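In what follows, a single structure is set out as structure tokens and then discussed.
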Amino acid sequence: MNATAEAPPSVKEQSAEEIIEALQRTVSASRLSLFLQCRLKWFFRYVLKLKKPKTASLHLGNSVHSVLKGWNKARWLEKPLTLKQAHDAYTAAWADTSEGSVNWEPGEEDDEKTTGWRLVDTYLRESHVPAEVKPDAVEVPVEADLHQHGLPKLIGVLDLVQQRQIIDYKTAATTPNADKIAHSHEIQTTSYSILYRHNTGKQEAGIQLHHLVKLKNPKVVITTLPPMSQQQETRLFRQMEAYLTGLQHEQFVPSPGMHCASCEFQNECRKWH
């Protein structure tokens with residue numbers, strides 16, 4: 001191994017080689033994206049499993065996502081939530097620290113909590129997904145066996161499928177650019193298309209990315225993308241091939257760049273040799 005950081009005791013029960021071997025059997029869009037961005041960061045997160053405090057933005061995003069998940073599940077049951085019920089769900093999600101605590105700056109938590117609820121309130125009040133329309137699926141874990149392509153099993157969770165549109169939620173600090181968003185999220189959107197087609201036998205009507213933007217006056221930006229093309233599927237398969245090759249040869253090297261500014265493993269990365 002090329003990393004000097006020590007693994008937690010619980011991880012040492014299973015060797016790094018065993019973990020890497022297991023990770024070659026399946027792949028998700030998030031795991032693939034991180035590997036292609038920085039292989040050393042991927043190693044720290046998925047092999048050494050180094051734990052770091054949650055960021056404020058991640059906690060906010062998780063809380064918002066939890067409410068939208070509950071909102072859509074209630075619609076699927078044809079028992080839509082009231083705005084008060086949604087607010088109660090948000091309060092409970094915000095208080096949940098089971099996935100890690102946040103190191104808040106003085107006064108920061110109250111401001112972020114208010115910002116998150118304003119995003120949810122804006123989204124629900126503007127009825128971007130009508131409460132009375134029953135979803136096709138909500139938060140469904142799915143997988144696609146790609147062994148016939150010499151690739152690992154693709155796994156993922158679809159946030160929402162509505163009238164054959166695959167919908168995924170994002171929180172953002174700035175208004176997204178449609179072209180840049182389509183490119184930067186292509187691994188995820190292509191993965192979702194493959195998962196949808198594999199499990200339904202149908203082609204998706206399209207993909208929508210719903211960005212809840214944290215501005216002074218919150219807004220929702222919806223980016224609508226067409227169904228996956230053959231070229232996009234081929235690109236994803238080649239990226240998955242690179243993932244397998246990198247794991248097989250243990251190519252866990254740092255990739256310095258702009259993304260390092262928000263990386264939680266900067267100290268560990270500096271010690272790498």
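In this text, all values refer to a predicted model and were calculated from it rather than measured experimentally.
Remark: the backbone N or O of K216 is paired with a side-chain donor or acceptor of R118 at under 3.5 angstrom. Using a distance-only test at 3.5 Å, with no hydrogens or angles considered, a donor-acceptor pair links the side chain of T189 to the main chain of E186. In this structure, Q188 contributes its side chain and H185 its backbone to no donor-acceptor pair below 3.5 Å. Side chain of R164 to main chain of Q203: a donor-acceptor pair is present (N/O by atom type, distance under 3.5 Å, no hydrogens or angles). Side-chain atoms of Q24 never come within 3.5 Å of backbone atoms of P152 as a donor-acceptor pair (strictly under, hydrogens ignored).
The CG atom of D121 lies 5.0 Å from the CG atom of L83; values are rounded to the nearest 0.5 Å. Between atom NZ of residue K153 and atom OG1 of residue T26 there is a gap of 8.0 Å, rounded to the nearest 0.5 Å. Note that CD1 of I222 and CG of L212 are 9.0 Å apart. Values are rounded to the nearest 0.5 Å. In this structure, OG1 on T224 lies 4.0 Å from CD on Q208, to the nearest 0.5 angstrom. The CG atom of L215 sits 8.0 Å away from the OG1 atom of T174 when rounded to the nearest 0.5 Å. For the atom pair SG (C263) and CD (Q37), the distance works out to 8.0 Å, reported to the nearest 0.5 Å.
At a threshold of 4.0 Å, the pair E241-R238 counts as salt-bridged, since one of the basic side-chain nitrogens sits closer than that to a carboxylate oxygen. We find that R197 and E233 are not joined by a salt bridge, their nearest charged nitrogen and carboxylate oxygen being 4.0 Å or further apart. Contact check on E264 versus R45 returns a salt bridge, with a Lys/Arg side-chain nitrogen under 4.0 Å from an Asp/Glu carboxylate oxygen.
Relative orientation of the W117 and Y90 rings is tilted, given thresholds of 30° and 60° on the angle between their planes. Below 30°, between 30° and 60°, or above 60°: for F252 and W42 the angle between ring planes is below 30°, a parallel geometry. Between F237 and H149, the ring-plane angle classifies as tilted under the 30° and 60° cut-offs.
Counting non-hydrogen atoms of neighbouring residues, nucleotides and ligands closer than 6.0 angstrom, the NZ atom of K54 exceeds 12 such neighbours.
Q231 and R235 are not linked by any side-chain donor-acceptor pair at a separation below 3.5 angstrom, with hydrogens and angles left out of the test. Using modelled atom types and a 3.5 Å distance limit, the side chains of W94 and E109 yield a donor-acceptor pair. Side-chain atoms of S63 and K113 form no donor-acceptor pair, as typed in the model, at a separation below 3.5 Å. Checked by atom type, the side-chain pair Y243/Q239 shows no donor-acceptor distance below 3.5 Å. No hydrogens or angles considered: a donor-acceptor pair under 3.5 Å links the side chains of S193 and E204.
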### Query
Is there a side-chain contact (heavy atoms from CB on, under 4.5 Å) between E139 and V157 once you walk through the steps?
CA-CA 6 Å; E139 288 288 320; V157 178; 3.6 Å; yes
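Taking P226 as the reference, nothing meets the side chain to side chain contact (heavy atoms under 4.5 Å, CB included) condition, with sequence neighbours excluded. For D136, there are no salt bridge (charged side-chain N to carboxylate O under 4.0 Å, His left out) partners, not counting sequence neighbours. Under the rule for a side chain to side chain contact (heavy atoms under 4.5 Å, CB included), the partners of P135 that lie at least two apart in sequence or sit in another chain are R75, W76, V138, L160, Q162.
The shortest side-chain heavy-atom distance between L32 and L236 falls under the 4.5 Å cut-off.
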